[in-house]
2 protein chains.
Amino acid sequence: MSDPVRLLLADDEHLIRGALAALLSLEDDLLVVAEAATGPEALAMARAHAPDVAVLDLQMPGADGVRVATSLRAELPGCQVLIITGHGRPGHLKRALAAGVRGFVPKTLSARRLAEIIRTVHAGNRYVDPELAADAISAGDSPLTAREAEVLELAADGAPVAEIAERAALSPGTVRNYLSSAVTKLGAENRHTAVRLARERGWV
Amino acid sequence: MSDPVRLLLADDEHLIRGALAALLSLEDDLLVVAEAATGPEALAMARAHAPDVAVLDLQMPGADGVRVATSLRAELPGCQVLIITGHGRPGHLKRALAAGVRGFVPKTLSARRLAEIIRTVHAGNRYVDPELAADAISAGDSPLTAREAEVLELAADGAPVAEIAERAALSPGTVRNYLSSAVTKLGAENRHTAVRLARERGWV
DNA sequence: CGGCCGGCATGACAAATGTCAGCGGGCGGT
DNA sequence: ACCGCCCGCTGACATTTGTCATGCCGGCCG
């Protein structure tokens with residue numbers, strides 16, 4: 001029999017991480033060699049242990065799973081990345097795939113299936129949860145231009161136009177134009193529902 | 001030795017629930033007798049198995065942990081409820097306690113600690129995570145009147161004043177007044193940041 | 001080269017929003 | 001009985017928005 005698959009687990013929820021580690025350790029061809037609770041910690045652990053597969057939670061303090069994946073891709077090309085997420089938004093999947101992530105699955109999965117998918121990913125294949133994939137396809141591509149998305153993001157926390165303009169180094173009028181066109185493209189009634197829609201589709 | 005503690009586990013994330021069940025089963029005085037993925041399912045399972053302790057995730061499809069806890073309290077007074085949450089907001093804790101929940105902990109906890117807390121709760125004692133408790137205390141009570149909170153909630157998804165007025169059966173002017181006073185009380189710049197603030201503090 | 005598109009801006013106007021003052025009614029304390 | 005507080009409403013006003021037309025510049029593609 002071949003060597004076991006060496007795993008890095010990163011999730012900020014201690015309970016889940018520990019439980020996951022325990023469950024995956026039951027599979028005798030999987031070996032958890034490192035755990036991390038934050039993005040930077042995950043990177044450090046990966047450097048130290050050079051795992052075969054990194055299982056990363058999408059939402060972690062410090063740096064999210066996709067950012068970690070990007071760094072990992074550059075530093076440890078041999079390490080495959082599997083992203084695991086609670087509430088998967090379409091855009092995240094796209095970003096993740098672009099970052100070279102090999103697998104993307106929701107947390108509503110049994111441990112046995114996860115173990116299988118880890119093996120799949122380790123073998124160099126990809127695996128994307130069918131439901132998340134369907135969502136991503138139906139959501140389609142973002143109709144927003146880079147600027148529109150940027151401005152929309154700055155508008156996300158309810159800041160007035162003046163503040164957005166300052167933070168984006170734009171004229172207030174321009175900001176309103178971008179906001180307006182973004183709202184139109186998204187079919188929203190105002191900037192705030194637009195922000196919500198864009199968030200739901202993972203476009204911000 | 002006494003009988004084992006009979007547990008109900010409810011969490012919509014299969015992975016976590018399964019892992020948790022496995023870990024808690026390692027403790028020989030704990031026995032997982034039922035699992036559920038949604039609020040209603042949790043209630044049904046509780047009726048069928050009459051567990052000693054119900055471990056409920058706060059955010060579940062159908063009905064959230066607190067609502068389930070309320071029903072449980074009425075139907076199965078002998079069943080203690082322990083709420084477990086990812087990102088705990090202060091107001092939830094207060095609502096949970098009011099619903100007769102005996103324990104409230106974040107997911108950033110080791111399985112061993114969780115097992116201890118389950119025993120504590122089963123013994124009839126309360127346990128609230130110190131950090132969450134501190135947050136709740138520092139957040140204090142909501143300064144909003146019932147109407148202000150109601151209107152703010154209706155404003156949450158970015159609806160225009162006219163729509164809020166209709167849905168609340170109020171005059172548009174009144175809605176604006178409530179919104180304005182809520183914004184002032186919360187020290188926000190506009191209704192949207194007010195909504196965000198109120199959400200963070202668990203006041204909506 | 002000549003469109004075309006996106007980025008960036010202005011100006012102007014309509015609509016929505018935030019703010020303030022004030023009025024009346026009800027309800028619970030002192 | 002009186003006071004204070006919350007509810008609910010109106011009206012008026014300043015400010016912030018959303019929307020539209022229009023213009024200039026720079027890059028990219030046919």
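By convention in this document, chain letters (A, B, ...) are assigned in the order of the sequence lines, proteins followed by strands, and residues within each chain are numbered from 1.
- The base of D:dC20 sits with one of its N or O atoms less than 3.5 Å from a complementary donor or acceptor on the side chain of A:Asn177.
- For B:Ser180 and C:dT19, the shortest distance from a side-chain N or O to OP1 or OP2 is below 4.0 Å.
- Under the 3.5 Å distance criterion, the side-chain polar atoms of A:Asp129 are matched with a main-chain donor or acceptor of A:Leu132.
- Under the side-chain contact (heavy atoms from CB on, under 4.5 Å) rule, A:Phe104 has a single partner from A:Leu58, A:Leu82, A:Ile117, which is A:Leu58.
- Using a 4.0 Å cut-off, some side-chain N or O of A:Arg147 falls inside it from OP1 or OP2 of C:dC8.
- The side-chain contact (heavy atoms from CB on, under 4.5 Å) test with A:Asp52 is passed by exactly one of A:Val5, A:Leu8, A:Val121: A:Val5.
- Looking at heavy-atom distances under 4.0 Å, B:Asn190 makes contact with sugar-phosphate atoms alone, never a base.
- In this structure, A:Leu186 atom CG and D:dG18 atom P are separated by 13 Å, rounded to whole Å.
- Of the possible polar contacts, one joining the B:Asn190 side chain to the A:Gly158 backbone as a donor-acceptor pair under 3.5 Å is found.
- One finds a side-chain N or O of A:Ser171 lying less than 4.0 angstrom from the OP1 or OP2 phosphate oxygen of C:dT10.
- Regarding B:Lys185, its NZ atom lies at a distance of 16 Å from the C1' atom of C:dT19, rounded to whole Å.
- Proximity note for A:Val183 (side chain, C-beta onward) versus D:dT19, D:dT17, D:dC7: the nearest is D:dT19.
- Summarising the geometry, the separation between CD on B:Glu150 and C1' on D:dC7 is reported as 12 Å, rounded to the nearest angstrom.
- The backbone N or O of B:His49 lies less than 3.5 Å from a partner atom in the side chain of B:Arg6, making a donor-acceptor pair.
- In this structure, B:Ala162 reaches neither bases nor backbone, as no heavy-atom distance under 4.0 Å exists between it and the strands shown.
- One atom, CG of A:Leu179, and another, P of C:dC8, lie 14 Å apart when rounded to the nearest Å.
- Nucleic acid contact class of B:Leu170 (heavy atoms, under 4.0 Å, all strands): sugar-phosphate only.
- Side-chain atoms of B:Arg176 and base atoms of C:dG18 include a donor and an acceptor less than 3.5 Å apart.
- Here A:Thr145 reaches the OP1 or OP2 of C:dG7: one of its side-chain N or O atoms lies under 4.0 Å away.
- Between the CD atom of B:Glu148 and the P atom of C:dT19 there is a distance of 13 Å, rounded to whole Å.
- B:Arg191 has its CZ atom 15 Å from the P atom of D:dT16, to the nearest Å.
- With rounding to whole Å, A:Tyr178 atom OH is found 13 Å from C:dT10 atom P.
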